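If you're wondering where the values come from, they're calculated on a predicted model, not measured in any experiment.
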Amino acid sequence: MNVSKKQISSGAVINIAGILVGAVLNLWLLPELFSTEELRMYRWMERTALLLLNILLFGVHRSFTKFHSDPNKDKKAFESAVVVSGIAFLMAENESRVYRNFNSYVL
């Protein structure tokens, strides 16, 4: 099996696992943990973060195939893209925690 087929199959497995985790989270766990108003705020923040994340990444997800299909290519650009996307994810997660804590205060 060549490199691109391994990448495609591992990407498909990761996508299916992510879909299953998302289904469990949205159908069972979130309604148990949050009230209706908190759930609306959470989903609004999640959708906004996903929209901004797609705008800010500008095709970084395509760099995996681009840089790992040829072993002679420089891995520094790929590593920096992974670091930038990880930082963006952590920033979005931190913002959701801040808003969740802010929403819990009663004025």
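- Two different hydrophobic clusters hold Met91 and Leu52 under the rule that ILVMFWY side chains link at heavy-atom gaps under 4.5 Å.
- Here the CG-CG distance, from Leu25 to Leu33, works out to 8.5 Å after rounding to the nearest 0.5 Å.
- Taking hydrophobic clusters as Ile, Leu, Val, Met, Phe, Trp and Tyr residues chained together by side-chain heavy-atom distances below 4.5 Å, Trp44 does not share a cluster with Leu50.
- There is no path of hydrophobic side-chain contacts, each under 4.5 Å, that joins Ile19 to Trp28.
- Here the CG-CD distance, from Leu30 to Glu46, works out to 7.5 Å after rounding to the nearest 0.5 Å.
- Of the options Met41, Glu37, Arg43, a side-chain contact (heavy atoms from CB on, under 4.5 Å) to Leu39 is made by Arg43 and by none of the others.
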Practice task
Start with the C-alpha gap between Leu20 and Val24, add the side-chain angles, then the distance that decides, and say whether side-chain contact (heavy atoms from CB on, under 4.5 Å) holds.
Solution key: CA-CA 6 Å; Leu20 292 175; Val24 167; 5.7 Å; no

